[in-house]
Amino acid sequence: MNALRFLRPTASWFLRAALVFFFYVQYFDVAMSFRLKNLMFYIAAVFIVGGIVLFVGGFLRNARLTVTSAFVLLLAAISRLIVCIESGGMDYNFAAMLLVSAGLLHFVANGNKY
């Protein structure tokens with residue numbers, strides 16, 4: 001069976017929306033706590049703001065905003081992967097961040113191309 005190329009734009013937008021939803025579910029409460037002395041607050045803020053910028057970047061003709069925000073988010077996700085490995089190995093959080101990293105790598109590599 002051949003690939004269904006006409007679904008590429010839908011798949012790209014679905015991946016973009018799923019990442020934003022994941023960041024919202026995972027980090028919104030931490031970001032809204034406004035504990036400025038907590039490192040996790042800043043990590044959560046990067047994920048929330050970066051997810052919004054990634055979504056907005058999809059509406060622009062130029063892919064620079066999408067690629068930049070996806071790259072920053074990918075670096076943050078890799079740092080979370082390293083923390084997961086150091087704190088106890090591979091668990092649900094590690095698997096979730098690994099999938100998020102794969103989605104972000106897609107946007108770093110492809111930008112807004114379908």
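- Counting heavy atoms from C-beta outward, Val100 and Gln26 have side chains that stay 4.5 Å or more apart.
- The backbone N or O of Thr66 lies less than 3.5 Å from no partner atom in the side chain of Asn112, so there is not a single donor-acceptor pair.
- With hydrogens and angles disregarded, a donor-acceptor distance shorter than 3.5 Å links the side chain of Ser79 to the backbone of Ala76.
- One N or O on the side chain of Ser33 and one on the backbone of Val30 form a donor-acceptor pair closer than 3.5 Å.
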side-chain contact (heavy atoms from CB on, under 4.5 Å) between Val72 and Val46, intermediate numbers included: CA-CA 8 Å; Val72 169; Val46 165; 4.2 Å; yes
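- Note that CG of Leu81 is 10.0 Å distant from CG of Asn93, once rounded to the nearest 0.5 Å.
- The two residues Ser12 and His106 make their nearest non-hydrogen contact at OG-NE2, 4.3 Å.
- Applying the 6.0 Å contact sphere to OH of Tyr24 captures no more than 12 heavy atoms from other residues, nucleotides or ligands.
- Note: the hydrophobic cluster containing Phe22 also contains Leu75 (ILVMFWY, side chain heavy atoms under 4.5 Å, direct or indirect links).
- The shortest distance between side-chain heavy atoms of Leu19 and Leu104 falls below 4.5 Å.
- One hydrophobic cluster, built from ILVMFWY side chains closer than 4.5 Å, holds both Ile78 and Leu98.
- Heavy-atom neighbours of Phe94 CZ from other residues, nucleotides or ligands within 6.0 Å: above the threshold of 12.
- A single hydrophobic cluster is seen to contain both Met32 and Phe21, as judged by linkage of ILVMFWY side chains at heavy-atom distances under 4.5 Å, directly or through other members.
- Within 6.0 Å of OH on Tyr92 lie no more than 12 heavy atoms contributed by other residues, nucleotides or ligands.
- Across all non-hydrogen atoms, the minimal contact from Ile48 to Ala31 is CG1-CB, 4.2 Å.
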Test side-chain contact (heavy atoms from CB on, under 4.5 Å) applied to Phe55 and Trp13, step by step: CA-CA 8 Å; Phe55 190 80; Trp13 277 103; 3.8 Å; yes
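- Hydrophobic clustering (side-chain heavy atoms under 4.5 Å, transitive across Ile, Leu, Val, Met, Phe, Trp, Tyr) groups Ile43 together with Phe41.
- Annotation for Leu74 and Val108: closest pair CD2-CG2, 4.3 Å, computed over non-hydrogen atoms.
- Val53 and Leu73 are not part of a single hydrophobic cluster, where members link through side-chain heavy atoms under 4.5 Å apart.
- Heavy atoms only, all atoms of each residue included: Ala70 and Phe107 are closest at CB-CB, 3.7 Å.
- By the 30° and 60° cut-offs, the orientation of the rings of Tyr27 relative to Phe23 is tilted.
- The heavy-atom pair separating Ala77 from Ser101 by the smallest distance is CB-OG, 3.4 Å.
- Residue-environment remark: OH (Tyr42) exceeds the threshold of 12 foreign heavy atoms within 6.0 Å.
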